[in-house]
Amino acid sequence: MKLKDYEYYKTELGVLYNGDMLDILPLMPDDYFDITITSPPYDDIREYISYRRRGATDYSLLSKLLYQKHKDSGIVVWVVNDRTIDGSESLSSFKQAITFVEEGKWKLHDTMIWCKDGNYPSDNRYAQAFEYMFVFSKRSVEYFNPLQKRNVNANLRKISF
């Protein structure tokens, strides 16, 4: 397939592609992306058909591809969580973060928590109402202190799909 076959939504600001990242990324030019925000399949909490055909997702290959396709100032925000097995977290999210740093050459710029809305019942532990957001960068990111530095993007218009 060609990259154009994966186009899902296109505007003057860019293109949204729909497909398996391991199929689409090799078709993209190097040093292309400024930022990627993604919530990849984690463990087997949900059924992701395109990832199941390969078996386990190859995070080592994915981290290397993302590194190759991002500009030097590139950022990846990796939103992920762990499956709970016998009351314990699988730690797969942390294994992915380590893979990105050790094999993909990324720097772990920040680890944030995305707090989800809603009540999540659990049988034998505190329910997780959050996911990890690992922020990876190719190089050191400029420091930003919103109390000392004016936000130059404050007046940007919102984009809705």
Side-chain angles (χ1 to χ4, degrees), residues 14 16-26 28 30-48 50-52 54-154 156 158-159 161:
L16 178 65
Y17 295 97
N18 183 22
D20 188 323
M21 289 176 75
L22 293 172
D23 291 335
I24 294 175
L25 281 175
M28 305 297 275
D30 291 352
D31 303 314
Y32 182 71
F33 295 109
D34 292 305
I35 187 168
T36 296
I37 302 171
T38 185
S39 181
Y42 42 87
D43 296 329
D44 59 356
I45 295 173
R46 289 193 184 101
E47 187 67 27
Y48 290 86
S50 64
Y51 283 85
R52 290 292 170 230
R54 280 192 169 83
T57 301
D58 187 346
Y59 293 107
S60 176
L61 173 60
L62 188 52
S63 67
K64 291 172 186 173
L65 278 170
L66 284 168
Y67 193 88
Q68 178 183 353
K69 303 301 178 178
H70 277 77
K71 296 176 183 175
D72 283 340
S73 58
I75 299 286
V76 171
V77 180
W78 191 261
V79 184
V80 70
N81 209 346
D82 299 326
R83 179 178 182 205
T84 302
I85 303 169
D86 295 328
S88 296
E89 294 180 20
S90 66
L91 300 177
S92 64
S93 59
F94 295 101
K95 292 174 187 173
Q96 291 169 30
I98 291 167
T99 296
F100 267 65
V101 171
E102 290 183 350
E103 296 183 35
K105 301 180 189 172
W106 290 97
K107 295 180 183 296
L108 180 55
H109 176 70
D110 201 355
T111 302
M112 298 187 289
I113 301 294
W114 171 45
C115 295
K116 301 187 284 187
D117 294 332
N119 184 11
Y120 301 93
S122 180
D123 294 334
N124 62 354
R125 55 177 278 137
Y126 290 109
Q128 285 188 340
F130 69 89
E131 292 185 20
Y132 299 103
M133 294 174 58
F134 296 110
V135 181
F136 299 104
S137 61
K138 288 182 85 170
R139 60 176 172 80
S140 296
V141 177
E142 181 184 339
Y143 175 72
F144 172 69
N145 183 336
L147 298 176
Q148 295 176 343
K149 193 174 187 183
R150 184 177 178 277
N151 184 352
V152 296
N153 298 320
L156 287 180
K158 289 186 179 180
I159 301 169
F161 293 95

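- M21 places a side-chain heavy atom less than 4.5 Å from the side chain of T38.
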What's the verdict on salt bridge (Lys or Arg N to Asp or Glu O under 4.0 Å) for K69 and D31, showing C-alpha distance, side-chain angles and the deciding distance? CA-CA 5 Å; K69 303 301 178 178; D31 303 314; over 6 Å; no

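- Between P26 and L65 there is a side-chain heavy-atom pair separated by less than 4.5 Å.
- For F130 and W114, the gap between ring centers reaches or exceeds 6.0 Å.
- Aromatic ring orientation, Y59 versus W78: perpendicular (interplanar angle above 60°, classes split at 30° and 60°).
- F94 and F134 have perpendicular rings, their planes meeting at more than 60° on a 0 to 90° scale where under 30° would count as parallel.
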Evaluate H70 against T36 for side chain to side chain contact (heavy atoms under 4.5 Å, CB included), listing each step before the verdict. CA-CA 9 Å; H70 277 77; T36 296; 2.9 Å; yes

Can I113 and M133 be said to form a side chain to side chain contact (heavy atoms under 4.5 Å, CB included), step by step? CA-CA 6 Å; I113 301 294; M133 294 174 58; over 6 Å; no

Please walk me through it: do L62 and L22 pass side chain to side chain contact (heavy atoms under 4.5 Å, CB included)? CA-CA 7 Å; L62 188 52; L22 293 172; 4.0 Å; yes

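- Note that CE of M28 and CD of Q68 are 12.0 Å apart. Values are rounded to the nearest 0.5 Å.
- Taken to the nearest 0.5 Å, the OG atom of S90 stands 4.0 Å off from the CG atom of D82.
- A cation-pi arrangement is present between K138 and Y67 under the rule of less than 6.0 angstrom and at most 45 degrees off the ring axis.
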Verdict with reasoning, S39 to E131, per side chain to side chain contact (heavy atoms under 4.5 Å, CB included): CA-CA 10 Å; S39 181; E131 292 185 20; 4.1 Å; yes

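- In this structure, the side chains of K107 and V101 stay at 4.5 Å or more apart for every pair of heavy atoms.
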May I have the step-by-step check of salt bridge (Lys or Arg N to Asp or Glu O under 4.0 Å) for K71 and D34, ending in yes or no? CA-CA 6 Å; K71 296 176 183 175; D34 292 305; 3.2 Å; yes

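- Rounding to the nearest 0.5 Å gives a distance of 14.0 Å between CH2 of W106 and NZ of K64.
- To the nearest 0.5 Å, atom CG of residue L108 and atom CD of residue E102 are 11.5 Å apart.
- Side chains of E103 and S63: a donor-acceptor N/O pair is absent below 3.5 angstrom, by distance only.
- Using modelled atom types, no side-chain atom of D110 and backbone atom of M112 make a donor-acceptor pair closer than 3.5 Å.
- Across V76, I75, D72, a single residue satisfies side-chain contact (heavy atoms from CB on, under 4.5 Å) together with S137, and that is I75.
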